[in-house]
Amino acid sequence: MTGASQGIGAAAAETLARRGAVVLLVARSAEALESVVERVSHFGGRAVALPADLTDVDQIRTLAERVVAEYGAPDVLVNNAGAGRWLFLDDTPADELAAMTALPFGAALRLTREFLPGMRQRGSGWVVNVNSPVSRLPIPGATGYAAARYALRGLTAALRQDLRGTGVGVSEVVPGKVSSRYFVNNPGAEERIPGVARLIPTVTPERVAREIAFVVERERAERVFPWQLKAFEVFGRVLPGVAGYLTWRTGVHR
């Protein structure tokens with residue numbers, strides 16, 4: 001479980017541990033991960049903290065080697081790590097653009113690559129990519145972030161084709177706005193949510209965690225929720241010009 005120190009990742013760790021999973025927690029902050037481990041242990045669950053910076057290719061490789069050596073290829077890989085402010089492309093510092101590409105896309109791409117051989121050999125496993133609504137409905141003023149999320153969507157679709165018939169499945173979980181610390185950690189992003197998107201209710205990290213467990217247990221390819229987000233996605237497919245105009249018209253402008 002990446003991005004496991006807070007928000008969706010921490011809630012998913014608790015949910016999966018309550019279902020009997022031994023949860024391997026990955027994030028940069030060792031202290032925050034240990035707090036999640038303690039919360040899991042309070043109800044008898046098992047969790048292990050594995051601090052790593054997933055923007056660093058060498059740390060990804062080292063992490064994967066340790067996991068495989070000590071636990072084998074994971075039964076379920078949840079790619080949840082993400083970062084990045086919502087900015088116009090030419091307002092985004094180069095180092096920040098690199099970081100928001102590394103998380104979520106680069107980390108999911110490389111970490112999944114490391115674990116796939118063991119999953120294929122075993123003939124079982126599941127990859128869950130937690131994505132953003134902007135992977136379906138791009139908004140103005142969040143260009144680098146949206147591009148990384150579209151890349152994660154493409155990775156999910158391509159993997160699903162690659163892994164047909166192997167026993168390894170792929171799911172994508174796409175919640176609407178989540179009541180986590182994302183917008184606190186990325187100041188200015190919340191103000192860029194288009195007015196039309198504010199009609200979509202906010203969901204809790206615990207709701208997202210339940211949906212992650214659902215797609216794994218039911219072997220579902222995708223969950224886009226709440227229903228208002230799913231409806232707007234369908235609207236965008238049927239009338240892309242109108243949906244795009246509404247998003248632009250009610251979004252941030254220079």
Side-chain angles (χ1 to χ4, degrees), residues 1-14 16-17 22-40 47-74 76-87 92-119 127-132 135 142 144-153 155-156 159 173 178 180-189 205 208-209 212:
M1 168 76 64
T2 69
S5 60
Q6 60 181 318
I8 294 171
E14 291 189 46
L16 295 174
V22 177
V23 187
L24 307 181
L25 310 176
V26 182
R28 283 179 295 185
S29 172
E31 183 178 354
L33 287 179
E34 287 299 339
S35 176
V36 179
V37 170
E38 289 179 13
R39 281 155 53 187
V40 169
V48 179
L50 300 173
D53 181 355
L54 297 182
T55 66
D56 186 318
V57 175
D58 292 334
Q59 289 195 43
I60 290 176
R61 186 180 303 110
T62 300
L63 168 69
E65 289 173 351
R66 177 182 174 185
V67 169
V68 171
E70 296 182 13
Y71 304 97
V76 179
L77 170 62
V78 180
N79 290 310
N80 170 66
R85 292 185 296 163
W86 294 5
L87 298 167
T92 311
D95 58 345
E96 193 168 346
L97 187 62
M100 69 173 63
T101 304
L103 294 176
F105 174 62
L109 182 76
R110 293 184 175 91
L111 198 54
T112 304
R113 176 185 177 275
E114 294 291 335
F115 291 135
L116 274 183
M119 290 181 170
V127 178
V128 180
N129 292 330
V130 180
N131 213 339
S132 163
S135 66
Y145 181 86
R149 291 295 178 171
Y150 261 79
L152 182 61
R153 182 183 181 185
L155 170 63
T156 305
L159 271 177
V173 173
V178 180
S180 68
R181 291 188 58 80
Y182 171 79
F183 292 105
V184 175
N185 296 337
N186 295 276
V208 185
I212 290 171

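Positions are given from 1 along the sequence. Only heavy atoms go into these numbers, but all of them, side chains included; no hydrogens, no water, no symmetry mates.
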Nearest heavy atoms of Val26 and Ala52, plus distance in Å
CG1-CB, 4.2 Å
So which heavy atom on Leu33 is nearest to which on Ala49, and how close?
CB-CB, 3.7 Å
So, the side chain of Thr55 versus the backbone of Ala99: is there a donor-acceptor pair under 3.5 Å, distance only?
no
List the atom pairs, with distances to 0.1 Å, where a side-chain N or O of residues 103-117 and a protein N or O form a donor-acceptor pair under 3.5 Å, not counting sequence neighbours.
residue: Thr112; atom: OG1; partner: Asn79; partner atom: ND2; Å: 3.1
residue: Thr112; atom: OG1; partner: Ala108; partner atom: O; Å: 2.6

Could you tell me the separation between the CG atom of Asn186 and the CZ atom of Arg85, rounded to the nearest 0.5 Å?
8.0 Å
Can you tell me if Arg39 has over 12 outside heavy atoms packed within less than 6.0 Å of its CZ?
yes
For the CD1 atom of Ile212 and the CG atom of Asn129, what is their distance to the nearest 0.5 Å?
10.5 Å
Shortest non-hydrogen contact from Ala47 to Val37?
O-CG1, 3.7 Å
Any residue meeting ring-ring contact (aromatic ring centres under 6.0 Å, His included) with Phe183, in chain and number order, not counting sequence neighbours:
Trp86
Ser5 and Val36: which non-hydrogen atoms are nearest, and at how many Å?
O-CG2, 3.8 Å
Going by heavy atoms in the side chains, are Ile60 and Leu63 under 4.5 Å from each other?
no
Donor-acceptor check, side chain of Tyr71 to backbone of Arg66, threshold 3.5 angstrom: yes or no?
no
Closest heavy-atom pair, Leu25 versus Val23, reported as atoms and distance to 0.1 Å, is CD2-CG1, 3.4 Å
Listed by chain and number, what are the salt bridge (charged side-chain N to carboxylate O under 4.0 Å, His left out) partners of Arg153, not counting sequence neighbours?
none
Is there a donor-acceptor pair under 3.5 Å between the side chain of Ser35 and the backbone N or O of Glu31?
no
Heavy-atom side-chain proximity of Pro74 to Met119 below 4.5 angstrom
yes
Taking the side chain as every heavy atom from C-beta outward, state whether Glu14 and Pro205 have any atom pair closer than 4.5 Å.
no
Quick one, Val208 and Val178 - any side-chain contact, counting heavy atoms below 4.5 Å?
yes
Measure the CD-CG distance between Glu70 and Leu50 for me, rounded to the nearest 0.5 Å.
7.5 Å
Distance from Ile8 atom CD1 to Asn80 atom CG, nearest 0.5 Å?
5.5 Å
Close side-chain approach of Gln59 and Thr62, heavy atoms under 4.5 Å:
no
Which atom of Thr2 lies closest to which atom of Ala81, heavy atoms considered:
OG1-N, 2.9 Å
Just how far is it from atom CG of Leu152 to atom OG of Ser132, taken to the nearest 0.5 Å?
10.0 Å
